[in-house]
Visitor: 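Can you read through this structure? Questions will come right after.
By convention in this document, chain letters (A, B, ...) are assigned in the order of the sequence lines, proteins followed by strands, and residues within each chain are numbered from 1. Not measured: the values here are computed from a predicted model.
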Amino acid sequence: MGRKLLLHNQNVPGINTLEVYRTHGGYASVEKALKTMTPDQVTEEVKKSGLRGRGGAGFPTGMKWSFLAKPEGVPRYLVCNADESEPGTFKDRWLMEKIPHALIEGMITSSYALGARLSYIYIRGEYFYVARILENAIKEAYAAGWLGKNILGTDYSLDLSVQVGAGAYICGEETALLESLEGKRGNPRIKPPFPAVAGLWGCPTVVNNVETIAAVVPIVNEGGEAYAKIGVGKSTGTKLISASGHINNPGVYEIELGVPVEEFIFSNEYCGGIRNGKKLKAVVAGGSSVPILPTDLILKTAKGEPRLMTYESLSDGGFQTGTMLGSGGFIVMDEDTSIVKNLYTFARFYHHESCGQCSPCREGTGWMEKILHKILSGKGTLQDVDLLWDIQSKIEGKTICPLGEAAAWPVAAAIRHFRSEFEAYVKNPASIKDVHHYYRLHNLAEA
Amino acid sequence: MGAQVHGVQKFDKEKRQAIQFSEKAMEEIKEIISHYPDGKQKSAVIPVLHIAQAENNGWLSAEVMDKVAELLKIKSIEVFEVASFYSMFNLKPVGKCVLEVCRTSSCWLCGAEDVVRHIEKKLGIKDGETTKDGMFTLKTVECLGSCGTAPMLQCGASYHENLTIEKVDALIDKYRSEGRSRFYTDKDYQNTL
Ligand SMILES: Cc1cc2nc3c(=O)[nH]c(=O)nc-3n(C[C@H](O)[C@H](O)[C@H](O)COP(=O)(O)O)c2cc1C
Ligand code: SF4
Ligand code: FES
């Protein structure tokens with residue numbers, strides 16, 4: 001059994017209330033930080049921990065914090081990214097819903113480190129009820145003196161509130177999120193300036209993922225060095241993995257970074273193997289944006305070493321034979337899955353979610369969706385497969401934000417590893433017949 | 001981003017003057033505005049539009065958006081820009097219960113298309129349409145963060161997960177017999193994580 005730092009109390013009855021959360025050691029990190037540490041010492045512990053951003057990019061959190069500009073007399077902000085819209089990812093919802101105070105505690109400790117006196121949690125609009133859960137928890141925290149003026153009698157004061165979005169994946173991109181928080185359309189900003197210099201309302205701002213902020217709690221409590229001892233190499237600590245698709249036990253698992261992928265998929269402690277006794281065909285290991293890998297490459301690297309759940313091991317081999325840990329959205333597909341159709345759901349998603357500012361992204365995502373639709377309608381040609389490849393290769397690096405790349409990579413990887421499937425659909429359209437509903441919900445008679 | 005710019009209703013001055021939000025809604029709006037520093041009340045536009053939408057049977061008319069602009073002391077176009085960008089805002093009338101079925105990868109892998117086809121058949125409507133009695137609208141949407149409990153649908157504030165055909169049938173029957181509207185802002189919600 002691996003160590004759990006975030007979800008260890010998830011099954012304690014009433015852990016969503018402040019009272020029970022407190023009796024299980026909750027808010028200790030606030031006490032320790034505010035009473036015994038300077039803000040810079042907190043940042044130092046986060047640096048030592050090796051914690052990397054859990055929102056997808058994996059940027060070292062301590063380093064990001066130390067980039068925050070601190071001009072005299074200008075407010076600084078901490079904004080929590082709870083937009084969680086990357087297909088396959090539902091860990092932040094899980095954490096916020098089950099243990100809302102873990103995020104609030106992390107927000108207080110982190111805001112203290114950054115010198116923020118007003119902080120926000122920006123949460124996707126669809127999670128409206130989760131926002132209610134957080135709001136209740138915030139109310140409890142205010143009432144108990146963990147938020148508001150002079151927390152614990154110190155001269156540190158903090159206000160915290162939740163803002164809901166309204167349905168737009170792009171608002172997970174940090175500058176689009178800030179635009180949205182300012183009450184505008186979610187159009188990503190051109191960088192630089194980076195949010196650390198000019199973020200919310202033009203002030204220095206740190207944007208961090210829910211899980212990143214929650215991880216600050218055990219780091220402060222137990223020290224950065226203790227945290228860094230968990231994991232492998234530069235992949236320190238624990239990570240929440242959202243597991244879905246054709247597995248026996250879908251759900252959120254907190255793993256110590258370094259668990260072998262094979263163990264994660266087949267052990268009963270985690271996914272519990274493939275449903276209905278089927279064979280594994282492919283995995284999207286880190287949310288819809290990362291390259292899909294076939295069975296042989298997800299279980300072992302091209303060099304034949306066991307693939308581990310770490311940033312480095314998953315990306316071993318680059319995009320030729322590797323993938324990425326990303327947001328930890330682990331989607332498993334069995335032998336009957338149509339890779340082309342799965343890709344089509346991604347392409348449709350990115351087309352729907354493109355904000356439309358950059359031509360390669362706006363036009364490219366729509367074009368890729370159309371071609372995939374054409375192939376799935378039995379009207380594709382071999383040239384269409386080449387055209388898909390060509391379009392995706394012309395998006396990367398030519399857009400304002402990484403959504404363009406996020407849309408291109410899945411297409412590239414699907415063609416790279418499953419080209420024969422695309423070709424089979426083109427050459428023998430009859431083979432497509434049942435991909436639309438190969439997985440029958442029981443009891444549904446054919447229409 | 002919701003490509004919903006079509007179907008915006010014409011602005012009607014008389015209708016605009018008649019628009020009144022409930023006292024409860026006005027209180028909530030005041031509370032939301034207090035979350036932002038002075039002069040930054042524009043930030044409240046998204047949460048306030050959610051409240052406005054619930055006050056107006058689940059959609060945003062030009063008059064309602066204008067009212068929101070007035071409350072926040074910003075230009076009407078600033079409200080419309082936002083309302084037309086985000087997929088949870090409806091710019092034309094919808095049914096009392098909008099059934100939003102996720103269709104992205106994990107849900108598709110677990111049978112979302114069967115859920116959609118079943119609802120289409122049962123209610124006699126296609127994706128995007130509303131039943132004649134105004135009770136249900138069917139809408140397919142992108143990943144709602146419920147991939148481990150797929151397939152799923154959202155209706156108002158509630159998430160309905162691990163769907164089966166029987167569960168969908170029971171849900172529709174329940175909603176029909178209760179007959180009331182459901183909004184994202186509802187304080188009573190069901191979820192099954
Ligand atoms: C299109 C796009 C969508 C994103 N969505 C999310 C998201 O939903 N949640 C998140 O935490 N980060 C998301 N990110 C990453 C953020 O831009 C940012 O890197 C992150 O919030 C930083 O926090 P971290 O360092 O704690 O990971 C997204 C990035 C892009 C380009
Ligand atoms: S890459 Fe796409 S989503 Fe990002 S700014 Fe450009 S058009 Fe918008
Ligand atoms: S794919 Fe349907 S909720 Fe994520």
Visitor: If you tally heavy-atom pairs under 4.5 Å against chain B, which of A:Val164, A:Ile331, A:Asn342 wins?
Guide: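 Between A:Val164, A:Ile331, A:Asn342, the count favours A:Asn342.
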
Visitor: Which one of B:Cys102, B:Ser158, B:Pro47 has the most heavy-atom pairs closer than 4.5 Å to chain A?
Guide: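 The option with the most such pairs is B:Pro47.
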
Visitor: Can you tell which part of B:His50 gets under 4.5 Å to a heavy atom of chain A, answering side chain, backbone, both or neither?
Guide: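 Just the side chain, heavy atoms under 4.5 Å.
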
Visitor: Output the option from A:Leu343, A:Asp92, A:Asn187, A:Leu181 having the highest count of non-hydrogen pairs under 4.5 Å with chain B.
Guide: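 Looking at each of A:Leu343, A:Asp92, A:Asn187, A:Leu181 in turn, A:Leu181 comes out on top.
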
Visitor: Under 30°, 30 to 60°, or over 60°: which ring-plane class applies to A:Tyr120 and B:Tyr36, parallel, tilted or perpendicular?
Guide: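 Rings of A:Tyr120 and B:Tyr36: parallel, under 30°.
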
Visitor: Can you tell me if B:Lys122 has over 12 outside heavy atoms packed within less than 6.0 Å of its NZ?
Guide: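 Yes - once you tally the heavy atoms of other residues, nucleotides and ligands closer than 6.0 Å, there are more than 12.
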
Visitor: With chain B, which of A:Pro75, A:Ser85, A:Gly186, A:Gly329 has the greatest number of heavy-atom pairs at distances under 4.5 Å?
Guide: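 It is A:Gly186.
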
Visitor: Ignoring hydrogens, what is the shortest heavy-atom contact between A:Arg93 and B:Ser146? Give both atom names and the distance.
Guide: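 Reported closest heavy-atom pair: NH1-OG, 3.0 Å.
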
Visitor: Below 4.5 Å from any heavy atom of chain B, which atoms of A:Ser242 appear? Answer side chain, backbone, both or neither.
Guide: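 Neither the backbone nor the side chain of A:Ser242 comes within 4.5 Å of chain B.
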
Visitor: Is chain A contacted by the side chain of B:Tyr184, its backbone, both, or neither, given a heavy-atom distance below 4.5 Å?
Guide: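 Both the backbone and the side chain of B:Tyr184 come within 4.5 Å of chain A.
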
Visitor: Can you tell me which of B:Cys143, B:Ser43, B:Gly156 forms the most heavy-atom pairs within a distance under 4.5 Å of chain A?
Guide: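 Ranked by contacts with chain A, first place is B:Ser43.
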
Visitor: Please say whether more than 12 non-hydrogen atoms of neighbouring residues, nucleotides or ligands are located less than 6.0 Å from CD in B:Glu178.
Guide: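 Correct, the count exceeds 12.
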
Visitor: Determine whether A:Tyr169 and B:Glu142 make a side-chain contact, defined as any pair of heavy atoms from C-beta on separated by less than 4.5 Å.
Guide: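 Contact flag for A:Tyr169/B:Glu142 side chains = no.
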
Visitor: Can you name the closest pair of heavy atoms from A:Ala168 and B:Tyr86 and give their distance?
Guide: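 For A:Ala168 versus B:Tyr86, the nearest heavy atoms are CB-CD2, 3.7 Å.
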
Visitor: Are A:Phe90 and B:Ser106 close enough that some pair of their side-chain heavy atoms sits under 4.5 Å apart?
Guide: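 They are not in contact (no side-chain heavy atoms under 4.5 Å apart), so the answer is no.
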
Visitor: Could you tell me if the side chain of B:Met88 sits less than 4.5 Å from the side chain of A:Glu126, heavy atoms only?
Guide: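 SC-SC contact between A:Glu126 and B:Met88 confirmed.
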
Visitor: Quick check on B:Gln154 against chain A: is it the side chain, the backbone, both or neither that has a heavy atom closer than 4.5 Å?
Guide: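 Side chain only.
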
Visitor: What part of A:Ser180 is in contact with chain B, defined as an atom under 4.5 angstrom from a non-hydrogen atom: side chain, backbone, both or neither?
Guide: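 Both parts, heavy atoms under 4.5 Å.
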
Visitor: Verify whether one side chain among A:Arg185 and B:Ser84 offers a donor that lies under 3.5 Å from an acceptor in the other.
Guide: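 Present: a donor and an acceptor within the cut-off.
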
Visitor: Please identify, among B:Val45, B:Asp186, B:Leu144, B:Thr104, the residue contributing the most non-hydrogen atom pairs under 4.5 Å to chain A.
Guide: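 If we count pairs closer than 4.5 Å to chain A, B:Leu144 comes out on top.
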
Visitor: Can you tell me how far apart CG (A:Leu160) and NE2 (B:His35) are? Round to the nearest 0.5 Å.
Guide: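 Reported value, rounded in 0.5 Å steps: 9.5 Å.
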
Visitor: Give a yes or no on whether a salt bridge exists between B:Glu31 and A:Lys139, defined as a side-chain N under 4.0 angstrom from a carboxylate O.
Guide: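 Result for this pair is no, no salt bridge flagged.
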
Visitor: At a 4.5 Å cut-off on heavy atoms, which part of A:Asp159 comes close to chain B: side chain, backbone, both, or neither?
Guide: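 A:Asp159 has no heavy atom closer than 4.5 Å to chain B.
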
Visitor: What orientation do B:Tyr159 and A:Tyr129 show, parallel under 30°, tilted 30 to 60°, or perpendicular over 60°?
Guide: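 Geometry flag for A:Tyr129 against B:Tyr159: perpendicular rings.
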
Visitor: Taking the side chain as C-beta and beyond, is there a heavy-atom pair between A:Arg348 and B:Arg103 under 4.5 Å?
Guide: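 Contact flag for A:Arg348/B:Arg103 side chains = yes.
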
Visitor: So for A:Ile133, is it side chain, backbone, both, or neither that comes closer than 4.5 Å to the heavy atoms of chain B?
Guide: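 For A:Ile133, the side chain is the part near chain B, not the backbone.
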
Visitor: Could you tell me which non-hydrogen atom of A:Ala166 sits nearest to which non-hydrogen atom of B:Ile46, and how far apart they are?
Guide: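 Reported closest heavy-atom pair: CB-CG2, 3.8 Å.
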
Visitor: Please say whether more than 12 non-hydrogen atoms of neighbouring residues, nucleotides or ligands are located less than 6.0 Å from NZ in B:Lys132.
Guide: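 Count not over threshold, so no.
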
Visitor: With rounding to the nearest 0.5 angstrom, report the NZ to CD distance, B:Lys40 to A:Glu182.
Guide: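 Rounded to the nearest 0.5 Å, the NZ-CD separation comes to 7.5 Å.
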
Visitor: Name the region of A:Phe349, side chain, backbone, both or neither, that has any atom closer than 4.5 Å to a heavy atom of chain B.
Guide: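 Both parts, heavy atoms under 4.5 Å.
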
Visitor: When you look at NZ of B:Lys15, are more than 12 heavy atoms from neighbouring residues, nucleotides or ligands closer to it than 6.0 Å?
Guide: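 No.
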
Visitor: Identify the heavy atoms of A:Phe346 and B:Ser105 that sit nearest to each other, and give their distance.
Guide: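 It is CE2-CB, 3.3 Å.
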
Visitor: Could you tell me whether the side chain of A:Leu118 reaches within less than 4.5 Å of the side chain of B:Pro37, counting heavy atoms only?
Guide: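 They are in contact (side-chain heavy atoms under 4.5 Å apart), so the answer is yes.
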
Visitor: Heavy-atom distance under 4.5 Å between the side chains of A:Thr337 and B:Trp108, does that happen here?
Guide: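 They are in contact (side-chain heavy atoms under 4.5 Å apart), so the answer is yes.
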
Visitor: Does any part of the side chain of B:Thr185, heavy atoms only, come nearer than 4.5 Å to the side chain of A:Arg132, both counted from C-beta?
Guide: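 In contact.
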
Visitor: Tell me, for A:Val332 versus chain B, whether the close heavy atoms (under 4.5 Å) come from the side chain, the backbone, both or neither.
Guide: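 When you check distances to chain B, only backbone atoms of A:Val332 fall under 4.5 Å.
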
